[in-house]
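Just so it is clear, the model here is predicted, and its values are computed rather than measured. Throughout, protein chains are lettered first and strands after them, A, B, ... in sequence-line order, and every chain is numbered starting at 1.
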Amino acid sequence: QQAKEQFFPVLVYRTGAYAPNGVPWANGFIDYLKLTNARGGINGVKISFEECETGYATDRGVECYERLKGKNGGAAMFQPLSTGITFALTEKAPVDKIPLITVGYGRSESQDGGVFKWNFPLAGTYWVAGDVIIQHIAKKEGGFDKLKGKKIALVYHDSPFGKEAIPILQQRATMHGYQLTLLPVPHPGVEQKSTWLQIRQQRPDYVINWGWGVMNSTLLKEAQAVGYPRDKIYGVWWAGAEPDVKDIGEGAKGYNAVTMQHGAEPNAPFIKEILEKVHGKGQGTGPKDEVGSVLYVRGAMSAMLAVEGVRAAQERFGKGKVMTGEQVRWGLENLNLTQAKLDALGFKGVMRPISTSCQDHMGAAWARIHTWNGSKWEFTSDWYQADEQILKPMVRAAADKYAAEKKIQRRTPQDCQS
Amino acid sequence: MIYRENGQFKTSYREDQQIFPIAQDRWFILALVAFAFVGVPLLADEYFFRAILIPFLILSLAAIGVNILVGYCGQISLGSGAFMAVGAYMAYNAFVRFEGMPLIAALLIGGLCATVVGMFFGIPSLRVKGLYLAVATLAAQFFCDWAFLRIGWFTNNNPSGSVSVSNLSVLGWRIDTPVEKYLFCLGFVVVFGVLAKNLVRSTIGREWMAIRDMDVAAAVIGIRPVYAKLSAFAVSSFIVGVAGALWGFIHLGSWEPAAFSIDRSFQLLFMVIIGGLGSIMGSFFGAAFIVVLPIFLNQFLPWLGGLFGIDVSTAAVSHAEYMIFGALIVWFLIVEPHGLAKLWSVGKQKLRIWPFPH
Amino acid sequence: MGFFIEALMGGLMAGMLYSLVALGFVLIFKASGVFNFSQGAMVLFAALAMARFSEWVPQWFGFESKLLANVIAFFLATACMLAFAWLVERLVLRHLVNQEGVTLLMATLGITYFLDGFGQTVFGSSVYAIDVGMPKEPVFILEEVFDGGLLINKEDLIAAFVAAVLVAALSLFFQKTGTGRALRAVADDHQAAQSIGIPLGRMWVIVWFVAGITALVAGIIWGSKIGVQFSLTTIALRALPVIILGGLTSVPGAIVGGLIIGVGEKLSEVYLGPLVGGGIEIWFAYVLALVFLLFRPQGLFGEKIIDRV
Amino acid sequence: MAHKKVGDVILDVQNISLSFGGVKALTDISFNVKEHEIRAIIGPNGAGKSSMLNCINGVYKPQEGSITFRGQTFKHMNSRQVAEMGIARTFQNLALFKGMSVIDNIMTGRNLRIKSNIFLQALRIGPAEKEEVAHREKVEHIIDFLEIQAYRKTPVGQLPYGLQKRVDLGRALAMEPQMLLLDEPMAGMNVEEKQDMCRFILDVNDEFGTTIVLIEHDMGVVMDISDRVVVLDYGKKIGDGTPDEVRNNEDVIRAYLGTSH
Amino acid sequence: MTTPTPVLTVNGIEVIYNHVILVLKGVSLQLAEGQIAAILGGNGAGKTTTLRAISNLLKGERGEVTKGSIELRGERIENLTPADLVKRGVVQVMEGRHCFAHLTIEENLLTGAYTRKDKGEIAANLEKVYTYFPRLKTRRTSQAAYTSGGEQQMCAIGRALMANPSVVLLDEPSMGLAPQIVEEVFEIVKDLNQKEKVSFLIAEQNTNMALRYANYGYIMESGRIVMDGAAEDLRNNEDVKEFYLGMGGAERKSFKEVKSYKRRKRWLA
Ligand SMILES: Nc1ncnc2c1ncn2[C@@H]1O[C@H](COP(=O)(O)OP(=O)(O)OP(=O)(O)O)[C@@H](O)[C@H]1O
Ligand SMILES: Nc1ncnc2c1ncn2[C@@H]1O[C@H](COP(=O)(O)OP(=O)(O)OP(=O)(O)O)[C@@H](O)[C@H]1O
Ligand SMILES: [Mg+2]
Ligand SMILES: [Mg+2]
């Protein structure tokens with residue numbers, strides 16, 4: 001029966017400059033949806049889904065959004081998978097009453113649910129990523145006080161995505177007295193010679209890589225070409241997957257990246273389940289050997305969070321029913337994924353609990369560091385939690401500025417109940 | 001036999017100089033405009049408005065602007081994206097920095113700023129020609145991309161370089177729903193379309209075309225290349241700037257410089273070439289072709305695959321879309337190198353003599 | 001000082017790499033008056049063919065030798081470019097004889113789209129590696145003179161050498177052979193060229209094939225440097241100021257232009273960039289080209305633009 | 001033939017020299033043109049005739065010499081100035097605006113006289129429209145005069161060569177010039193068409209009193225209709241005078257005419 | 001008159017430009033081996049179009065032959081490329097010069113010999129062209145665009161001769177040439193025709209000259225052949241005299257005397 005299906009729009013990019021990274025994410029996302037169906041749906045509600053190719057272009061993304069939002073009974077959430085598209089949809093979602101889930105990307109200040117009622121940067125924002133990287137470096141150096149006088153260079157994709165990291169790194173720089181150099185790399189990032197000339201000149205102690213797509217592999221190759229030690233380079237979680245390092249192999253050995261909790265998880269229970277129930281039945285979306293890779297898991301996890309959002313909404317608005325965008329929004333805002341729940345879903349060892357609230361749309365600020373050993377990614381650190389003391393005021397200030405510009409009122413406590 | 005001019009005698013030059021001298025054309029266009037204002041809002045659904053009609057209208061407007069520069073004045077420009085960006089960001093600044101700035105005024109201010117920038121980057125055209133001029137305009141493109149990302153002032157110091165607007169209204173009329181946005185854009189397009197058409201069939205338009213076709217001869221009959229070229233840059237970038245402001249304000253609502261990247265410049269140039277250089281009508285055809293066709297293919301191909309029971313993957317669809325789109329461009333050019341507008345007029349020509357072959 | 005020399009050399013090397021791509025543009029423009037927008041797509045396509053064949057060939061024939069695989073792949077890729085050139089003439093150019101420059105430019109754009117879609121369909125859209133044994137690790141010289149030594153990138157040196165050889169060969173071809181002269185005639189006037197018996201079709205296949213080979217060479221070098229994937233097409237944008245500066249019709253111009261642009265953009269980025277927030281090299285390259293144009297509107301070595309009544 | 005009055009010198013060319021690199025196109029050329037006269041320039045191919053016209057209307061800048069028009073002396077002229085002073089010309093290798101229709105091509109000739117500004121033109125109200133119509137009327141006269149009514153709206157690129165030459169003349173006439181420079185207006189025409197063209201030229205000369213400087217290779221035409229003839233050879237002036245004088249000038253016969261016509 | 005074997009036979013061709021403009025409405029003509037034939041007619045009669053149809057250069061003008069056939073020595077040639085035709089010895093000199101602007105005069109001439117291989121012959125031919133047109137020799141190193149109109153015309157003719165053709169299609173060769181050069185060009189034509197048996201098809205406005213040198217003439221008007229005959233006969237035909245030779249009546253009229261009233265008479269409306 002038709003009405004019993006919950007529609008998931010899937011914005012992807014399987015072509016163009018960022019396709020190598022977009023494809024595994026999309027495959028993971030779809031496979032997880034298929035797995036959920038194989039598990040019997042969300043309390044019996046099956047999932048239907050449709051892909052739309054954005055090519056990472058904002059206008060195509062907007063078109064996809066418009067196309068899919070009314071389809072198959074209506075979309076109850078969107079995952080734009082691009083910072084640019086997120087910005088554009090942030091204006092549209094409140095009007096259409098559809099929540100936006102941006103797992104690990106998008107506006108960092110949208111964590112503030114008091115202003116960004118419809119945005120859900122679940123499981124981590126760029127400020128979390130930046131904060132954790134600095135914490136890790138500090139730990140390596142033997143404490144925050146050791147950072148004083150150190151040089152850190154941020155090599156970033158010259159776009160809103162790349163610039164997201166700057167505020168937190170600057171904030172920390174003023175606190176700890178390291179010297180931050182900003183080195184933008186224009187899209188798509190294949191030309192970094194002058195960047196690395198500058199790095200050779202300044203000899204920073206660490207390089208932080210805020211890249212995406214081909215920029216990452218180029219960056220590592222340039223690092224190799226000028227002999228910069230790869231183990232002094234830290235990437236954001238969009239710069240820490242297999243396509244970024246695979247064809248460099250040994251040359252990228254030692255390169256680190258912060259993870260959005262998970263890494264490559266070939267042994268996670270839910271991956272095994274996917275291999276068995278989806279790929280095993282010949283319904284796998286991509287090649288089998290990609291299952292469990294970093295971006296694949298990111299896709300699957302993004303799908304899981306959306307599914308759990310729907311499930312949470314069902315808890316309140318009626319189990320076994322198809323949820324609307326508003327209802328899912330409530331679900332996402334009242335997500336409480338305990339460790340037990342996660343384990344049951346097969347995410348044991350992959351991630352930590354997430355619980356959201358009206359004020360906090362992120363739900364968790366945990367991250368680890370993993371390192372490329374020449375053939376695969378390995379965890380090389382413990383869990384870190386981003387420093388609330390630092391992030392909270394930043395989020396608040398940025399959100400307030402946005403609210404003022406947009407003339408939006410902060411949500412009242414009653415509104416939070418709704 | 002419907003398309004006959006017989007019996008339509010022009011008794012004055014004024015009549016012969018109307019925008020559409022042939023009565024059928026006139027009626028057709030009037031009907032079309034009326035339909036666009038009245039019929040479309042009744043018929044189209046939200047997707048159609050937001051994903052197709054609004055972008056189509058705004059890009060048509062931009063294409064008209066580009067066509068004035070490239071098609072009429074013959075100055076190849078790859079900086080249109082930048083001029084759109086200038087329009088959008090300056091309109092944004094006008095809008096947020098001045099309390100109570102009316103929306104239309106903000107959009108026009110955006111256009112004016114684009115005019116200034118356009119004229120500045122048009123200065124090399126006095127010396128540099130053809131494809132070589134394209135670099136001058138590319139310099140504009142890359143410089144503006146950079147400036148809007150890097151110079152905080154333009155984005156009201158938003159750290160990410162992206163800006164957004166909301167609460168748009170004109171004289172108390174709130175522009176919220178897709179239909180309202182559509183009508184708002186349509187109004188702009190109609191007004192600017194008519195103004196542009198008037199310009200290109202007046203002296204200034206003839207000066208542009210003369211410069212395009214043979215600049216030495218143009219100079220000999222007293223046309224000042226400086227004036228002709230710079231005025232083309234000015235008019236063109238004004239229209240493009242307004243289109244850019246509309247793109248940001250009405251279509252996207254929130255944007256970053258990437259929305260006006262080099263790809264946009266190319267896209268606009270393609271529109272005018274495919275549509276027909278030196279044809280206002282062609283700008284619409286071109287915009288329709290470049291905006292609508294990929295979207296159409298993107299939805300049509302899976303459906304087609306479905307008919308034959310093939311499940312076409314998203315990637316395959318978009319690859320096929322690329323290939324078909326490319327092939328169609330080539331095919332149209334072979335059929336008619338002067339663009340869709342020319343094809344249209346040849347079609348009309350045939351209709352005129354129909355049922356005879358010549 | 002050491003740093004300056006290093007930046008200078010880095011610029012020169014980068015310039016040579018741009019020149020490789022620029023050459024393809026110049027060839028086709030000089031020889032048929034077509035501004036070939038699809039050069040970037042050709043680079044990608046050729047590189048994809050090379051990368052994938054060198055991966056597939058050992059699988060098909062069951063051998064291990066990397067060298068042999070590369071050699072076979074090179075020939076297969078060359079064959080692909082020949083087929084491509086032939087098809088372009090057959091299906092596109094032949095029907096557009098005597099059309100204006102913009103029309104032809106637009107047609108090459110159609111080809112670009114087609115090639116992008118086709119290449120990704122046949123060869124896939126992930127990142128692929130080309131491994132022709134380019135040395136990756138850096139060498140440092142004069143360490144006793146400069147602190148940290150001078151960085152030399154062997155890979156770039158090889159690329160520069162290849163580019164220089166190509167340019168020399170092509171310049172000779174255009175200046176010294178009858179075919180070269182006929183090609184220039186075609187660029188001036190398609191119809192007149194036809195009228196005296198120059199077979200346009202064959203000429204076009206020849207230039208597009210030669211341009212295809214330069215694309216392949218550029219693709220191999222760039223591909224082994226940054227990996228083969230879609231972004232390769234965007235380096236065409238970096239090559240544009242190069243050809244404009246050097247002159248659209250000059251083969252040596254592509255090299256000189258490349259060197260000037262390479263040095264200009266690297267030095268500007270390194271010395272001026274930090275003052276204004278960085279990321280200026282791409283527009284700086286264009287502005288640099290523009291400044292030269294103001295003095296020589298046809299580029300440094302381009303044929304004079306003729307306007308006569 | 002109506003007797004016309006040849007007036008004073010209006011254009012005086014003095015000691016013009018022009019060279020391109022090593023090629024001396026013009027060496028020390030002086031001659032003058034009187035009001036209302038038809039002045040021909042003849043000479044073998046490559047003698048520098050077209051270059052002479054190019055100097056007069058500012059396309060080429062001669063290295064030496066000066067040009068005096070109506071009492072004002074110029075080292076070299078600027079095209080716009082020349083146009084404003086009322087000198088129009090046609091071109092040897094057609095220089096029409098290919099993409100425009102016949103009407104539009106000729107309308108460009110009126111361009112200097114159109115006064116409404118760009119905003120009025122965009123709105124096309126009141127004066128702008130009136131002006132447009134008025135000028136259109138003038139242009140229609142020229143079209144009638146040249147008998148090209150049927151091609152009004154054809155893009156000129158599609159016209160046969162001979163008609164293009166007529167349009168070229170029409171464009172020059174539209175400027176209502178005081179002096180008209182014609183560069184081989186009759187090349188590519190048959191006798192009948194040449195007769196028509198001569199008629200046009202003579203009519204213009206008679207009716208509007210326009211001074212005409214004419215380059216032509218058809219000696220029949222030149223000797224018939226011109227009042228005075230300048231002969232150039234290899235950039236040098238080798239003869240100047242009435243058709244009869246020139247016809248019998250030894251140098252001219254040797255260099256150009258071959259046999260006496 | 002005996003009919004020698006025809007080299008070129010054009011059989012009732014129709015030509016359409018741009019899919020809509022019908023320009024030739026059934027043109028038939030023949031060029032006999034070793035003959036000089038002239039096509040005469042006013043502006044827009046369709047002379048150029050006919051020549052383009054024969055040499056297959058219509059495509060670039062977006063024209064096509066829709067009816068009729070064209071044969072070269074009995075072989076249908078509508079589907080050959082222009083290059084194939086040149087190989088078979090048919091070369092056209094295009095109207096309006098069309099020199100390669102960026103190439104020097106000498107390079108222009110040399111490209112004319114593209115289809116030939118023998119270096120020695122080419123060099124000899126080049127010398128021949130230079131002796132025909134000494135003016136070209138003095139300008140050999142300048143780019144064609146910067147030569148005078150007449151020099152370009154010589155260059156175009158010389159370039160065609162470099163291909164060593166057996167049939168030459170000349171489109172308005174006399175245009176823009178000084179009278180004695182015109183004479184020379186026709187002398188060259190005669191020379192080649194007699195010594196090397198080259199056949200010529202000439203579209204000309206200079207009727208006088210053309211009929212003096214041609215063996216046969218065709219008169220075209222609005223896309224049709226309205227009259228043909230031996231050059232001799234045409235020259236003596238009263239109508240031709242009046243309209244094309246400018247010799248209405250007995251004595252030659254002065255141009256000044258031609259009245260501005262319309263004195264046109266047409267075979268076709
Ligand atoms: N490319 C074209 N597109 C459309 N019509 C054309 C084209 N070329 C020629 N025509 C038309 O074909 C007709 C015959 O032209 P053509 O050039 O053959 O005449 P012609 O006899 O050579 O005249 P002329 O002596 O002036 O050169 C003309 O009416 C002209 O308008
Ligand atoms: N821009 C230029 N650059 C170089 N040489 C030139 C230029 N313009 C003219 N010349 C040369 O100057 C000489 C005179 O040319 P011009 O065009 O004035 O001759 P013309 O008398 O008009 O000959 P024709 O009767 O053949 O048209 C020629 O030899 C020509 O090559
Ligand atoms: Mg001349
Ligand atoms: Mg002709």
Side-chain angles (χ1 to χ4, degrees), chain D residues 1 20-23 25 42-51 91-94 147 151 154 157-166 183-184 186-203 215 217-225 234 255-259 261, chain E residues 17-18 21 23 40-49 61 95-97 133 135 138-139 141-142 146-154 171-172 174-183 204-208 242-248 252-264:
Chain D
M1 174 194 150
F20 301 100
V23 183
I42 61 173
N45 296 122
K49 306 179 293 297
S50 303
S51 304
F91 299 88
Q92 177 175 15
N93 289 330
L94 289 169
E147 295 172 20
Y151 303 97
T154 320
Q158 292 179 7
L159 292 181
Y161 199 83
L163 291 184
Q164 295 195 23
K165 294 230 105 164
R166 259 190 250 180
D183 198 347
E184 301 197 21
M186 288 167 227
M189 296 193 175
N190 66 21
V191 177
E192 189 194 6
E193 289 157 350
K194 279 186 185 168
Q195 287 174 347
D196 288 349
M197 193 54 117
C198 284
R199 200 60 256 160
F200 298 144
I201 294 173
L202 289 169
D203 283 351
I215 297 179
H217 283 302
D218 185 325
M219 282 308 109
V221 173
V222 171
M223 297 300 172
D224 260 3
I225 67 172
Y234 284 101
Y256 184 53
L257 300 175
T259 52
H261 271 250
Chain E
Y17 281 113
N18 264 331
I21 310 166
V23 170
L40 311 169
N43 290 146
K47 306 179 295 294
T48 301
T49 307
E61 298 282 336
E95 178 180 40
R97 292 140 200 164
F133 303 113
R135 180 86 210 171
T138 62
R139 310 283 290 126
T141 52
S142 59
Y146 293 115
T147 55
S148 83
E151 288 160 348
Q152 289 181 22
Q153 183 72 8
M154 296 178 216
D171 201 346
E172 311 223 9
S174 71
M175 186 164 61
L177 291 180
Q180 77 272 39
I181 307 277
V182 174
E183 200 99 21
E204 233 331 332
Q205 296 282 12
N206 193 336
T207 319
N208 227 321
E242 186 176 349
F243 298 119
Y244 292 98
L245 299 177
M247 298 189 289
R252 187 172 158 274
K253 264 187 202 148
S254 160
F255 285 98
K256 279 194 184 167
E257 260 107 70
V258 178
K259 285 290 168 270
S260 54
Y261 59 74
K262 307 295 164 273
R263 25 162 261 118
R264 290 176 186 233

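- Annotation: maximal heavy-atom pairing with chain D below 4.5 Å, among Arg135(E), Glu204(E), Glu61(E), Gln205(E), occurs at Gln205(E).
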Pair Ser148(E)-Asn45(D), side-chain hydrogen bond (donor to acceptor under 3.5 Å, both in side chains): steps then yes or no: CA-CA 7 Å; Ser148(E) 83; Asn45(D) 296 122; 5.1 Å; no

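- Here Phe20(D) pairs with Tyr60(D) under the ring-ring contact (aromatic ring centres under 6.0 Å, His included) rule; sequence neighbours left out.
- Looking at Leu177(E), the atoms closer than 4.5 Å to chain D (heavy atoms on both sides) sit in the backbone and in the side chain alike.
- Neither the backbone nor the side chain of Tyr151(D) comes within less than 4.5 Å of any heavy atom of chain E.
- Gln164(D) does not touch chain E: none of its heavy atoms, backbone or side chain, sits under 4.5 Å away.
- The ring-ring contact (aromatic ring centres under 6.0 Å, His included) test applied to Tyr161(D) returns no partner, not counting sequence neighbours.
- For the set Met175(E), Gln153(E), Lys47(E), the entry with the most heavy-atom pairs within less than 4.5 Å of chain D is Met175(E).
- Checking side-chain atoms of Lys49(D) against main-chain N and O of Asp183(D) turns up no donor-acceptor pair under 3.5 Å.
- The two residues Met197(D) and Arg166(D) come nearest to each other via the heavy atoms CE-CG, 4.1 Å.
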